[in-house]
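Note sheet for the following structure.
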Amino acid sequence: MSALQKINEDMIVNLPKGDLYVHLNGAIPTNLVKELLAKNTNGIPSNFDINQDLNILEPQKNLQDYLKPWKVLNLIPRSQSDLNKIVLQTFFSLKLSNIKFVEIRNTIFYIANLNSISIEEAIIWMLDALQNAFKITKINYGLIITVRRSDQACKDAATIISAIKNLGCPKNIVGLDLAGNEDIPLPENLSFFFKEAKHDLNLGITIHAGETGNLSNILNAINLFEADRIGHGTAAMNCIDTMNLLREKDIAVEVCPISNRRTNSLKEDDGYTFHQFLKYEVPFVLCSDNPAIHNLNLIEDYKIFLRETNNEKFLINHYEQQKKYSFIKGDAL
């Protein structure tokens, strides 16, 4: 490693950072996952190796293979105290990257089901755990609730919106996310609920789109769902018109360099999306996605960007970019 590169990488560690794209389940320290699963092994598939399958350390054949850890990650937490421990330990890990604010994503439904509580109570559990972690680590936060692509996505979205309203629209719920298998046809009316969340509840909208090459999903996210940000969006780099549209509408792409390689969204000989995004002035933010699953944190995503572009100025200014496109507003930033 050259002296210049060493200085650059040391600089990255100390830069203040925001992370706008962190799935809670993908950020829980692996040792804690093992500890909590050991308390109750019910539901763990017989072919799942706890010591090997909780981390994805190499590129996978496809997104489905990449998602193998979720076969057991959705088996925890089984109590409010376990959720508090999960969130706090996750925030301690984030602090190692000098992260000042984070947007945590979670589907909420599995927490309600595991603990036989209502969606409203599960949201309260999550917000309380996040607030407790904030008090201890001083990392500011916002909660983005994820709706999974499925036949019942409309029902799930309506349930989440109703729960948020029943709770008086807590200010720390900052966004609604759509995630899951992009090849699944979406219910016709799903975009209605996302626009309701945006216009009636003042939530930011982020849509996983174009991760596996489907450009039409990016266009639908923009035109039908009125997305404020696009998750991954790798397909956009191959279409100048789409990149121009993202720039003109000022829609930021959540770029996850490590994740995009390990899901096989980008092949080894593909260029990273940020090369094209920089060229066409597409706004984007560097994100970690599932840092514990990768056993690498946001610092490593920054290092990849620097090695690929040698653009120190972008990284030095990136904290302001992250704040600009964050769904967390006001004094929290």
Decide yes or no on side chain to side chain contact (heavy atoms under 4.5 Å, CB included) for I240 and Y280, but give the supporting numbers first.
-> CA-CA 8 Å; I240 295 173; Y280 289 93; 3.4 Å; yes
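- K39 and D82 are joined by a salt bridge, as a carboxylate oxygen and a charged side-chain nitrogen come within less than 4.0 angstrom of each other.
- Side-chain contact check for V255 versus F305: every heavy-atom pair is 4.5 Å or farther apart.
- Residue K195 qualifies as enclosed at atom NZ: its count of foreign heavy atoms under 6.0 Å is above 12.
- Between the K71 side chain and the L67 main chain, no donor and acceptor come within less than 3.5 Å of each other.
- In summary, the side chains of E120 and N166 do present a donor paired with an acceptor at a separation below 3.5 Å, with no hydrogens or angles considered.
- Both tests do not hold together for R307 against Y272: distance to the six-membered ring centre under 6.0 Å, angle to the ring axis within 45°.
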With side-chain hydrogen bond (donor to acceptor under 3.5 Å, both in side chains) as the test, would you mind laying out the steps for E182 and N217 before giving the verdict?
-> CA-CA 7 Å; E182 287 194 52; N217 285 342; 2.7 Å; yes
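- Within a 6.0 Å radius of CG in N202, other residues, nucleotides and ligands contribute 12 heavy atoms or fewer.
- In this structure, M243 and Q276 have side chains that are in contact, with non-hydrogen atoms separated by less than 4.5 Å.
- Just one of T146, I230, N181, D177 meets the side chain to side chain contact (heavy atoms under 4.5 Å, CB included) condition when paired with H208; it is D177.
- N74 and N25 share a side-chain donor-acceptor pair at under 3.5 Å.
- Around the CD atom of Q64, the shell of radius 6.0 Å holds no more than 12 heavy atoms that belong to other residues, nucleotides or ligands.
- Residues S259 and Y66 form a side-chain contact, since some pair of their non-hydrogen atoms from C-beta on lies under 4.5 Å apart.
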Under the side chain to side chain contact (heavy atoms under 4.5 Å, CB included) criterion, do L176 and I164 qualify, and how do the steps go?
-> CA-CA 11 Å; L176 196 64; I164 293 172; 5.6 Å; no
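- Residue pairs that meet the ring pair (Phe, Tyr, Trp, His ring centres under 6.0 Å) test with at least one member in residues 112-137, sequence neighbours left out, do not exist here.
- Taking 4.5 Å as the limit, some side-chain heavy atom of L73 sits within range of a side-chain heavy atom of W70.
- L20 is listed as a side-chain neighbour of F101, based on a closest heavy-atom distance under 4.5 Å.
- A donor-acceptor contact shorter than 3.5 Å links the side chain of R262 to the backbone of H294.
- The environment of NZ in K85 is sparse: at most 12 heavy-atom neighbours from other residues, nucleotides or ligands sit within 6.0 Å.
- In this structure, V87 and Y141 have side chains that are not in contact, with every pair of non-hydrogen atoms separated by 4.5 Å or more.
- Using modelled atom types, one side-chain atom of K95 and one backbone atom of T137 make a donor-acceptor pair closer than 3.5 Å.
- In the hydrophobic clustering (ILVMFWY side chains linked at under 4.5 Å, chained through shared members), L88 is joined by F92, I136.
- The local environment of CG in N47 is crowded, with over 12 non-hydrogen atoms from other residues, nucleotides or ligands closer than 6.0 Å.
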Test side chain to side chain contact (heavy atoms under 4.5 Å, CB included) applied to I144 and Y21, step by step | CA-CA 9 Å; I144 296 177; Y21 184 168; over 6 Å; no
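- Using a 4.5 Å heavy-atom threshold, the side chains of Y302 and S288 count as separate.
- Under the 3.5 Å distance criterion, the side-chain polar atoms of N98 are matched with a main-chain donor or acceptor of L15.
- Around NZ of K34, the count of heavy atoms belonging to other residues, nucleotides or ligands within 6.0 Å exceeds 12.
- Exactly one of N55, N51, N295 qualifies for a side chain to side chain donor-acceptor pair (under 3.5 Å) with T30. That residue is N55.
- The pair D228-K198 counts as a salt bridge, with a side-chain nitrogen and a carboxylate oxygen less than 4.0 angstrom apart.
- Taking 4.5 Å as the limit, some side-chain heavy atom of V285 sits within range of a side-chain heavy atom of H318.
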Take T206 and E254 through the test side chain to side chain contact (heavy atoms under 4.5 Å, CB included) and record every step on the way to the result.
-> CA-CA 9 Å; T206 177; E254 301 154 350; 2.8 Å; yes
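- A cation-pi arrangement is not found for K100 relative to Y319, the charged atom failing to lie both closer than 6.0 Å to the ring centre and inside a 45° cone about the ring normal.
- With no hydrogens or angles considered, no side-chain donor-acceptor pair links T234 and N260 at under 3.5 Å.
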